[in-house]
Amino acid sequence: MDLIKTISTEELEEKLNKNENLELVDVREDEEVAEGIIPGAKHIPMNSIPENLDYFSKDKEYIVICRSGRRSENVCYYLQDQGFKVVNMEGGMLDWHGKTV
């Protein structure tokens, strides 16, 4: 199993502050996202990722986000196995101190 690339919450916030064009996917459940989501993130709950594979492009890299970083890591392994480029946000929203909407 190939290693998953990771990004810290601080690194992600820095990239967003520089207005980098990033593809963010939040895989938390609806009630978790209702408490706040990173601006610009696409919400696709973890259990519906397989039926939403057509959303993903093999030409882009996706930063996957959850509450603590564990679910997003599992989603990253799954998407990577499907041939997609992914990065796991370590620490998840528990470590996120940037803006949310």
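Following chains of ILVMFWY side-chain contacts shorter than 4.5 Å, one cannot reach Ile4 starting from Val87, and the two form parts of different hydrophobic clusters. The same ILVMFWY cluster, assembled from side-chain heavy atoms under 4.5 Å apart, contains both Ile49 and Val64. Both Met46 and Leu79 are part of a single hydrophobic cluster, where members link through side-chain heavy atoms under 4.5 Å apart.
Of the inter-residue distances, the one linking Gln80 atom CD with Glu73 atom CD reads 10.5 Å to the nearest 0.5 angstrom. Distance check: Thr9 OG1 to Glu14 CD gives 11.0 Å after rounding to the nearest 0.5 Å. A distance of 9.5 Å separates CD1 in Ile63 from SG in Cys76, rounded to the nearest 0.5 Å. Atom CG of Asn17 sits about 8.0 Å away from atom CG of Asn19, to the nearest 0.5 Å. Atom CG of Leu16 is separated from atom CG of Leu24 by 6.0 Å, given to the nearest 0.5 angstrom.
Using a cut-off of 4.0 Å between Lys/Arg side-chain N and Asp/Glu carboxylate O, Glu61 and Lys5 are scored as salt-bridged. Using a 4.0 Å cut-off between charged nitrogen and carboxylate oxygen, Glu32 and Arg71 count as a salt-bridge pair.
Listed for the Tyr62 side chain is a donor-acceptor partner under 3.5 Å among the backbone atoms of Ser57. The backbone N or O of Ile7 sits nowhere less than 3.5 Å from a side-chain atom of Asn88 that would complete a donor-acceptor pair. Checked by atom type and distance alone, the side chain of Glu13 never pairs as donor or acceptor with a backbone atom of Glu10 at under 3.5 Å. Without hydrogens or angle criteria, His43 side chain to Arg28 main chain gives a donor-acceptor distance under 3.5 Å.
Residues Pro45 and Val27 fail the side-chain proximity criterion, which asks for heavy atoms closer than 4.5 Å. Side-chain contact between Gln82 and Tyr77 is absent, with no heavy-atom pair separated by less than 4.5 Å. Counting heavy atoms from C-beta on, the side chains of Phe84 and Leu53 come closer than 4.5 Å. By the 4.5 Å heavy-atom criterion applied to side chains, Val33 and Asp26 are counted as neighbours.
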Quick one: side chains of residues 89-101, donor-acceptor pairs under 3.5 Å with protein atoms, not counting sequence neighbours, listed by atom name and distance.
from	atom 1	to	atom 2	distance (Å)
Trp96	NE1	Gly98	O	3.1
Trp96	NE1	Lys99	O	3.0
His97	NE2	Asp95	O	3.4

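Residues Val25 and Phe56 share a closest heavy-atom pair of CG2-CE2, 3.8 Å. When every heavy atom of Glu11 is checked against every heavy atom of Ser8, the shortest pair comes out as OE1-N, 2.8 Å.
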- [ ] Start with the C-alpha gap between Leu22 and Leu12, add the side-chain angles, then the distance that decides, and say whether side-chain contact (heavy atoms from CB on, under 4.5 Å) holds.
- [x] CA-CA 9 Å; Leu22 304 171; Leu12 178 56; 3.5 Å; yes
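The local environment of CG in Asn21 is sparse, with at most 12 non-hydrogen atoms from other residues, nucleotides or ligands closer than 6.0 Å.
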